[in-house]
Structures are given as structure tokens and as C-alpha cells.
Amino acid sequence: MFLTSYLLFLHIDKKQTMQQLSEQEIVRRENLQKIRDLGIDPYPPEQFDVTAFAADIAANFEEEVLEDGKKQGLNYQEVSLAGRVMASREAGKALFMNIQDSSGRIQLYLRREEICPGEDTTLFDVVIKKLLDLGDFVGVKGFAFRTRTGEVTIHVKEFVFLSKSIRPLPIVKRDAEGNVFDAFTDPEQRYRMRYVDLTVNPQYKDIFIKRSKLLAAMRRYFDNQGWLEVETPILQPIHGGAAARPFETHHNTLDMPLYLRIANELYLKRLIVGGFDGVYEIGKMFRNEGMDRTHNPEFTSMEIYVAYKDYHWMMAMVEECLEYVAKAVLDGATEVQFGDHVINFAGPYERISILGGIQKYTGKDVAAMDEAQLRQFCKELHIETEDNWGRGKMIDEIFGETVERHLIQPTYVIDYPIEMTPLAKKHRTHPGLVERFELYVNGKEIANAYTELNDPIDQRERFEDQMKLRERGDEDAMALDEDFLRSLEYGMPPTSGLGIGIDRLAMMLTNQQAIQEVLFFPQMRPKQ
RNA sequence: GAUCUCGUAGCUCAGCUGGUAGAGCACUUGACUUUUAAUCAAGGGGUCCUGGGUUCGAGUCCCAGCGGGAUCACCA
């Protein structure tokens, strides 16, 4: 009974599925079955040993001219390579293919009399010419040579199926003049089906290779300093360390709400309290806010805390670190093209105070203004103020409106109003300010750092100020974390901390204007 | 969240003031032993994003919805 209905279901399902398939998909499924009927496994379990890569052969093949005028290859005369079939050109009893492996593409040359030396020409005439489709993975053995037109090509002696593709790829084609046909450029399609994007637009792989080099280089730099890479909770009962709306989830056994972290700052500082000199974490943060070309709901952040240091030391460290990372990503260069500008990551970077910056670009001294005068200045700049904004918020807005866009080369903006920054230590000489810097590149913030606040009494007061802001309607104001305060009460050494937005840095180093281009799988609204 | 804009074959796109849905590549069949977006000949392929409306008639005009992109607001 159950079996019958299950089979019936399968039958109906298959029928419905077949109806939705395109002609090309049906043909490919039929080809798959015909291959099986010929006793060939289209998905063989055995490994295929690869001995060469397309790009290496194309770049390094050498040949000599013999006495009789014939040419003889000097290397790659017995190679085994594998990849996806990206083009196929039949020429009667011969056939040209292009296959693509992880390194690039190379042409294959197959002749019937060599693939099928005997009477039975099924393998060449049926399997390779009819049943092979673009997108299939194949393995070949043969030798390299140069065709009349000069293209390095593999003369194939043996051919095997490695995996059948039953869905047509949107293969991009280029003619001799470099004109592109059928470009797969729709961002929606590219992001939703990144596997297709990477296959048919392999140039985008370079962005992700650079991103990987960036992360590896940053880890290497920190590890060389002797600092410890750590992991802290992503599921947090209190979402602290930043001003942002969190994602909320629920733990069944504990029967309590948990939040996906918006920051890991408070946990990393607990580890400094616990006695580590330097800790860093590279990981995902989650913020339940808008999505656009510079914001994804989950993003990668690097945060580092080093004991007995202050923010001046941190600025020097960041200059050295970013120069090191840039060289690793840019093959030794520190300069990179980004949009219309050339950014140079070699230090030292210009330093400008937030108040000095406003003075420089507006000629006004906002330090001397009271709240009412600041509000008036905002009005002159066409900044719409809200009633609950204090001096700090307005100064921050004025800065954003008048200064940020001028900061193209890496620039430290230092010494922020205390209201905006509840986790940083009060400035050693300027009342009302904290010891904080942000690093701006191309008008965008990519790093944020403090001399960390380690006075537990001051920290408690700052949290209480945040709670007042929350009562005034600021949903993003920071929550008081009692356990974090307890840790400070036990004593935290003087410490400097830093956060870097890795995605943004990756965008800078790869000249990409959209965060989606440096994320393999950016968040998208589900279809249907 | 607001404004603008786009959605047509597997891919890239055309489709006029409303009148039987098109091209190139891909696919199918055939020819071709150094081709290269191979070529040549023939052929098949559509929920025109979805749902309403106007009209004798809608891919086209109107409304709503879904999805994308751009700009803006908040944020890193």
C-alpha cells in the first residue's frame, strides 16, 4: 500500500518534472542514459590523477624544429589533465575542444583513428561527438603541441568521462577581436548562482583569491607578533559592544532568547582581563539592519586587543599591518586603483582630529559651540537634526557631511566626542573627548580603535548614560553587561583595541564598489 | 523604508502609435582529419515575472503584487 503510493508519487513527480524541463535538459538526460546503456559510468568513483594544469602548459610549452622540418615538443609530452568542456568544434574525423580547469583553459585535439583504432568507432562517433555536452567534466591523457594557428593544444590519446552535466551553462564567448557574446552579467543571477558565475566568469575568482590572501596575511602578521587567535560566542544573551539592532533567536533547552553577536569586543576584553597579552578574532558579525552595496546582514570583522598599549601605538601597528597585508594581496605593491583614485597603503597615514577636520574643511570651530549653536550650524549644512541628539551626535554628523568625502588616502581621524563612544577611555588632555581613532580610506571608514576604557566605575556610568539614551528612544543604545563590568572590577590592564571591516578592506584591495562582489554568497531575498 | 528603473527561448537581447512572438549563440539532424564566438545545410524550442483591468484584440496601455538593479535614509 505504502510502496504503491510511493511509486505512484514518484511517477507523477517524474512526469511533472520532465514537463518543466527545457528541450536541452531533456536531451542531456537522454544522453546520460545512453552513456550508461553503453556501459560507461558518467560519474565514475575512481580518482583521476592530474599531472598538469592548463595555464602552466600554455605558458611553458616548448618545442624544437627537427632536421626534416617537423616540430617536436620538448615538455608536457605525457600529461594527464581534467576539466570542464567549454567548447567543442567538430571537423569530421577530428574534433577540437576547450576544457577549463582551475588554472584556465586549454584546447584539446582528438582524432577518430587514434581514439578508436579498431573497427568500433562508437567512442568517438557516438560518445564524444553526440553524447558529450558542454559543461561535462572529462579527463584526458596526451601530449602538448602547437597547431598551425599557433595555439598550444593537447593531442589526446585517452579520454574518460568524469562527470556529466545535465543543465546547460550560460557559457560566455569571445571572438578574435575580444568582443564578448552572451555575457553572464546579471548581478542577481551571478550572486544567486555563484557556482555558475565562477565557472563562466573565472576572472571573478581572483577577487576571492585576494580576499583569502588578505585574511592569511593578516593572521600571519598577528601570529608573528605572538598574539593569540581566539573564538568567542556568536550566540550571546546580551548583545553588547556596538550600537546596532541584533538578530534574535531562541534556545529551546534554556528556553531563553539569544542574540547573534553584533560585536565581540566585550568578550575579547574579558580575555585580556584573564591574562592574555594579545588576542584577536576574525569572524562574522550580524546586524539586523539595511542591506545595500556596502552592507550585508552578516559581515566579517577582525577585532584585536593588546594589553599595555594605547591608541597611538595602535595607529603605528595598523600602518605596518595594512602595508604588510596590501603587499601580500597586491604582489608586493602598496598602491591600488580604487575607482578614480590610486590608494597607497604604505604608512605613515595622515592624522586629523575630528574637530580639526571640521575646522579645516568648514573654517568653523565647533569646539567652541554650545548645543544650540551646533544645531544652528547643522541647519546651515542642511543636516536634519533630531531632538534627542546631543553635541557629540551633531559633531559626528557635521564631520560626516563635510569632511569624510575628502579623506581619500588612508587617514586617521582621532579624538571623538565622549557621547558616541561608551567603551573608550577619556582623552588624557581634552575634556569631553575620548581616545579613539577611525581609519578612513576613499571616504569610507574601514577601522575603528580605542584606548580601551578599563576604569570600572567610569564604564558603569557610561553604560548608565547609554540606558538613558535608550529611554529617550534610541533603540541602538548599548545594553549594560553586568558580567563585563564585573570583569573590569577585577582589573583590566591598560589596553588598546581595534576593529577592521574585512569586507570593506577586501573591496578596497580588489577595486570593487559592491560588498556583494567580495562575498561568495551575499544575502538575497528568496525567490518565490 | 522612499524614489526611479528593469523582468521576452538555456544565454545575450530586439519587438514602433496595441494587430498571428524575432535574431545570434546554445540545442537537434546531416557534411567536414589543424579548428578556434569553426563553417555550411535543414529543423525544433516561449507561463512575454504573476494576478487583475481597459479593448473586438495586450509582450505593448492601466492597477496591484513578486523579484532584481540604481539612488537616498540607518549602519561597518
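Note on naming: letters A, B, ... go to the chains in the order of the sequence lines (proteins, then strands), and numbering restarts at 1 for each one. Quick caveat: nothing in here was measured; it's all calculated off a predicted structure.
In terms of position on RNA chain B, the residue among A:Lys393 and A:Ala176 whose nearest nucleotide sits closer to the 5' end is A:Ala176. Comparing A:Gly290 and A:Ser88 against RNA chain B, the residue whose closest nucleotide sits nearer the 5' end is A:Ser88.
Straight-line distance between the C1' atoms of B:rU28 and B:rG44: roughly 7 Å, to the nearest whole Å. If you take atom P in B:rC16 and the same atom in B:rG43, they sit 27 Å apart, rounded to whole Å. Spacing of P atoms, B:rG19 relative to B:rA58, comes out at 11 Å, to the nearest Å. Taking atom C1' in both B:rG46 and B:rC27, one finds a spacing of 15 Å when rounded to whole Å. The P atoms of B:rC25 and B:rA41 are separated by 11 Å, rounded to the nearest whole Å. Comparing B:rC49 with B:rC40, their C1' atoms are spaced 39 Å from each other, to the whole Å. B:rU20 and B:rC56 have their C1' atoms separated by 15 Å, with the value rounded to a whole Å. If you take atom P in B:rU3 and the same atom in B:rG65, they sit 11 Å apart, rounded to whole Å.
The aromatic rings of A:Phe399 and A:Tyr440 sit perpendicular, their planes meeting at an angle over 60°, well past the 30° parallel limit.
A donor and an acceptor atom never sit less than 3.5 Å apart when one is taken from the side chain of A:Glu445 and the other from the base of B:rA76. Side-chain to base pairing of A:Gln24 with B:rU28: no donor and acceptor N or O lie closer than 3.5 Å to each other. Residue-to-nucleotide contacts include a donor-acceptor pair under 3.5 Å from the side chain of A:Asp182 to the base of B:rG24. The base of B:rU34 does not come close enough to the side chain of A:Arg148 for any donor and acceptor atom to sit less than 3.5 Å apart. The base of B:rC74 lies outside donor-acceptor range of the side chain of A:Asn288, with no N or O pair under 3.5 Å.
For the pair A:Phe299 and B:rA76, the ring geometry qualifies as stacking, because the centroid separation is below 5.5 Å while the planes lie within an angle under 30°.
Distance, A:Ile154 CD1 to B:rU34 P: 19 Å, rounded to whole Å. Rounded to whole Å, the distance from CD on A:Glu188 to C1' on B:rG7 is 9 Å. To the nearest angstrom, P of B:rG10 lies 14 Å from NZ of A:Lys173. Rounded to an integer number of Å, the gap from A:Asp292 CG to B:rC4 P is 20 Å.
The partner of B:rC40, taking Watson-Crick or G-U wobble pairs whose two distances both stay under 3.5 Å, is B:rG30. In this structure, B:rG51 forms a base pair with B:rC63, meeting either the Watson-Crick or the G-U wobble geometry with both donor-acceptor distances under 3.5 Å. Applying the Watson-Crick and G-U wobble criteria (two distances, each under 3.5 Å), B:rG1 pairs with B:rC72. In this structure, B:rC11 forms a base pair with B:rG24, meeting either the Watson-Crick or the G-U wobble geometry with both donor-acceptor distances under 3.5 Å. B:rG57 makes up no base pair with any nucleotide shown, lacking Watson-Crick or G-U wobble contacts both under 3.5 Å. Remark: B:rG45 base-pairs with no nucleotide in the shown strands. Criterion, Watson-Crick or G-U wobble with two distances under 3.5 Å.
A donor and an acceptor atom, one from each side chain of A:Glu62 and A:Asn75, are nowhere located under 3.5 Å apart. For the residue pair A:Asn288/A:Tyr259, the side-chain donor-acceptor check at 3.5 Å is not satisfied.
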Where do A:Phe208 and A:Phe520 land on the ring-ring contact (aromatic ring centres under 6.0 Å, His included) test, with the steps shown first?
CA-CA 8 Å; A:Phe208 296 98; A:Phe520 274 129; 3.9 Å; yes
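The local environment of CZ in A:Arg351 is crowded, with over 12 non-hydrogen atoms from other residues, nucleotides or ligands closer than 6.0 Å.
Judged by a 6.0 Å distance limit and a 45° cone about the ring axis, A:Arg436 is not positioned over the six-membered ring of A:Tyr450. The cationic atom of A:Arg287 (NZ for Lys, CZ for Arg) does not lie both less than 6.0 Å from the six-membered ring centre of A:Phe299 and within 45° of the ring axis.
Within 4.0 Å (heavy atoms only), A:Gly501 reaches no atom of the nucleic acid at all. Heavy atoms of A:Arg293 sit under 4.0 angstrom from primed sugar atoms or phosphate atoms, though from no base atom. Counting any heavy atom pair closer than 4.0 Å across all strands shown, A:Asn98 reaches no nucleic acid atom. No engagement by A:Lys284 is indicated, since no non-hydrogen atom pair under 4.0 Å with the nucleic acid exists. Residue contacts shown for A:Phe286 are absent, as no nucleic acid heavy atom lies under 4.0 Å away. Among the atoms of the strands shown, only primed sugar atoms or phosphate atoms (P, OP1, OP2) are found under 4.0 Å from some heavy atom of A:Ala183. The residue A:Arg111 sits close to a base: some heavy atom pair falls under 4.0 Å. The residue A:Lys93 sits close to a base: some heavy atom pair falls under 4.0 Å.
Here B:rA76 is the nucleotide among B:rU35, B:rC27, B:rA76 with the atom lying nearest to any side-chain atom of A:Arg504. Nearest nucleotide to the side chain of A:Arg89, out of B:rU12, B:rA76, B:rA38: B:rA38. Side-chain proximity of A:Tyr191 to B:rC32, B:rU34, B:rG69: nearest is B:rG69. Of the listed nucleotides (B:rG68, B:rU34, B:rG30), B:rG68 has the atom at the smallest distance from the side chain of A:Arg192. The listed nucleotides are B:rA76, B:rG67, B:rU35; the one nearest the side chain of A:Arg525 is B:rG67. Listed candidates were B:rC32, B:rA26, B:rU35. Nearest to the side chain of A:Lys129 is B:rC32. The side chain of A:Glu23 lies closest to B:rG45 when the candidates are B:rC32, B:rG45, B:rA38. When the nucleotides B:rA38, B:rA26, B:rU34 are ranked by their closest atom to the side chain of A:Tyr109, B:rU34 comes out on top.
Minimum heavy-atom separation, A:Pro202 to A:Gln100: CG-OE1, 4.0 Å.
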